[in-house]
Amino acid sequence: MSVAHKSAISVGLLYIPVGLYKTTRDISVSFNQLCKDSHERIKYKKYYPSCDKEVTNEDIIKGYEFEKGRYVTITEEELEKIKTKKDKTIHIEHFAKMSEVDPIYFEKNYYLVPEAGAEKAYELLRQAMHSQKEIAIAKTVIGQNEQLLVLYPTKETIMAKTLLYEEEIQELPKSQARVQVEKPELEMAKTMIETMTEKLDISAYHDEYQQRLKEAIEKRIQGQEIVNADTSAPANVIDIMDALKRTVEKAQNHRGTA
C-alpha cells in the first residue's frame, strides 16, 4: 500500500514522523463513455483555443483569476515555499472526547503509521490517549488545503479522520416541525429497536448491487438479456402502530429462524 501523505505528529516537544495511508479502496464497477454508433471510446483533450492545439500536463500551470480575464500564475514550487514546518506536520492543538465531535464533520479516514525509529514515541502516545479515552484535535496542510483532523486511538493503531470546517456544512434544508407522538407509539418504537438490536458484524455486509451489476455485465458478455431483479411492490402501510407491530413480529420471527 502506498503512502498518501508523509508527515509527523507534533505535540509539545514530541515529534513523531508518520505516514498517512488510505483506509478504503474503490470496489465499484467503472464504465467508459463510448460513441453510440461505433462503440469507440470517447476521449477528452486539453485544448488551447488561441493556438488551436492540444496541450499536455507539462504545459499547464495554475492561475488565479483576480479580474475578469486577468490571471496571476503560481508554480508548485512556490506553493511549497509558503508552507511552514508547522503546516507540514500534524500539529495537535488540544485533546478532547470523541462524543464532542458531531459525525456530520467527518470526511475521510487514514491509518497513521509511524516511520522507522518513531515506534516508541508513537506507541506511548497511542496508549496514553487510549487509557484516557481521549482524541486529539490537530491541523496540517495536505496538498493546498489546511486540514482539520481528529486523531483517535484504537487497540492497534492511531487513526486520522479529516474534518470539514463549520462553514462547509450546509444548513438543514427546511425546519422540521416538532410533532406530538403518543406514548404507546413511542413504547412500540422502543420495542422495535430492542428487538432488532444485535452486535454489529461488518463482515456480514457486502455491496450486493455491485455483485448484481457484475452478473448483469457477464450476462451481456454472453449475449443474454438483463431482467428485473425485483418486481415486488412496496408495502403500503399507513397506520404507524400497525407498521411497528408488523416490524417487531418480522424481527422476532427472523431471530427465531436464526
Side-chain angles (χ1 to χ4, degrees), residues 1-30 57-58 60-62 64 74-170 200 202-203 205-207 210:
M1 186 190 302
S2 59
V3 64
H5 181 71
K6 282 209 168 204
S7 186
I9 300 172
S10 174
V11 51
L13 298 178
L14 201 61
Y15 188 81
I16 312 168
V18 294
L20 277 72
Y21 293 79
K22 291 181 180 179
T23 62
T24 59
R25 60 177 178 270
D26 187 9
I27 62 168
S28 60
V29 173
S30 59
N57 289 336
E58 289 71 27
I60 299 172
I61 58 173
K62 285 183 169 65
Y64 176 79
I74 190 164
T75 65
E76 294 293 340
E77 291 76 14
E78 289 171 324
L79 288 171
E80 282 299 317
K81 285 179 182 178
I82 65 172
K83 293 180 184 178
T84 65
K85 184 178 179 181
K86 182 179 175 181
D87 290 332
K88 295 176 182 179
T89 62
I90 299 170
H91 184 77
I92 293 178
E93 302 283 334
H94 65 88
F95 295 92
K97 299 294 183 184
M98 191 62 157
S99 58
E100 296 172 8
V101 184
D102 191 324
I104 196 172
Y105 292 102
F106 295 154
E107 189 180 20
K108 295 178 182 177
N109 292 303
Y110 292 93
Y111 295 117
L112 269 180
V113 180
E115 297 289 317
E119 294 90 350
K120 186 171 182 178
Y122 176 95
E123 182 60 15
L124 178 64
L125 179 63
R126 187 200 67 79
Q127 285 193 29
M129 289 172 64
H130 195 270
S131 65
Q132 294 296 101
K133 296 181 172 59
E134 295 266 336
I135 59 164
I137 305 298
K139 292 176 79 173
T140 191
V141 173
I142 300 177
Q144 273 77 60
N145 297 312
E146 186 174 61
Q147 192 71 62
L148 196 58
L149 297 172
V150 159
L151 309 185
Y152 72 98
T154 68
K155 291 181 179 180
E156 297 179 353
T157 189
I158 298 175
M159 304 292 296
K161 281 181 178 287
T162 59
L163 297 177
L164 297 166
Y165 288 97
E166 188 174 20
E167 54 265 32
E168 294 180 276
I169 303 297
Q170 295 266 40
L200 173 64
I202 199 68
S203 65
Y205 295 88
H206 306 279
D207 191 333
Q210 290 296 319

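Keep in mind it's a predicted model, so treat the numbers as computed, not measured. For this chain, numbers begin at 1 and follow the sequence in order.
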All heavy atoms of Thr140 vs all of His5, minimum pair found to be OG1-NE2, 4.4 Å
Pairwise side-chain contact, Ile135 with Glu100, heavy-atom cut-off 4.5 Å (strictly under):
no
Here the pair of heavy atoms bringing Met98 nearest to Val150 is SD-CG1, 4.1 Å
- Do the side chains of Ile137 and Leu148 get nearer than 4.5 Å, heavy atoms only? yes
For this session: Find out whether Tyr111 and Met159 are in side-chain contact, i.e. whether some heavy atom of one side chain is under 4.5 Å from a heavy atom of the other.
Result: yes
One should read off an interatomic distance between Ile27 CD1 and His206 NE2, to the nearest 0.5 angstrom, of 10.0 Å
- [ ] Measure from the side-chain N and O atoms of Glu134 to the backbone N and O of Ala96, and report whether any donor-acceptor pair falls under 3.5 Å.
- [x] yes
(Q) Within the structure provided, determine whether Ile9 and Ile92 are in side-chain contact (heavy-atom separation under 4.5 Å). (A) yes
Note: Ala121 and Ile16 closest approach over all heavy atoms is O-CD1, 3.7 Å
Do the side chain of Asn145 and the main chain of Gln147 share a donor and acceptor less than 3.5 angstrom apart?
no
For Tyr15 and Ser10 the tightest heavy-atom approach is CD1-CB, 4.4 Å
Carboxylate-amine/guanidinium proximity below 4.0 Å for Lys139 and Glu93: no
Salt bridge (charged side-chain N to carboxylate O under 4.0 Å, His left out) filter on Glu166, not counting sequence neighbours, yields none
Residues Val3 and Gly19: closest non-hydrogen pair is CG2-CA, 3.8 Å
Tyr165 atom OH: more than 12 heavy-atom contacts under 6.0 Å
yes
Nearest heavy-atom approach of Ala8 to Pro17 is CB-CA, 3.6 Å
- Query: How about Leu112 and Ile90: do any of their side-chain heavy atoms sit closer than 4.5 Å?
  - Reply: yes
When rounded to the nearest 0.5 Å, the distance separating CG of Leu151 from OH of Tyr110 is 13.0 Å
*asked:* Heavy-atom count check: over 12 atoms from other residues, nucleotides or ligands less than 6.0 Å from Glu168 CD?
replied: yes
Is there a donor-acceptor contact under 3.5 Å from the side chain of Thr162 to the main chain of Leu149? no
Rounded to the nearest 0.5 Å, the CD1 atom of Ile169 sits from the CD1 atom of Ile104 at a distance of 5.0 Å
Residues pairing under salt bridge (Lys or Arg N to Asp or Glu O under 4.0 Å) where one sits in residues 111-131, two or more places apart or in two chains, turn out to be Lys6-Glu115, Glu123-Arg126
- Message: For Glu167, is the CD atom crowded, meaning more than 12 foreign heavy atoms sit under 6.0 Å from it?
- Response: yes
Output for pair (Lys161 NZ, Tyr152 OH), nearest 0.5 Å, gives 4.5 Å
d(Asn109 CG, Thr24 OG1) to nearest 0.5 Å is 7.5 Å
Are a donor atom and an acceptor atom from the side chains of Thr157 and Tyr122 found within less than 3.5 Å of each other?
yes
Practice item. Could you go through the side-chain contact (heavy atoms from CB on, under 4.5 Å) check for Lys108 and Lys22 one step at a time? Key: CA-CA 8 Å; Lys108 295 178 182 177; Lys22 291 181 180 179; over 6 Å; no
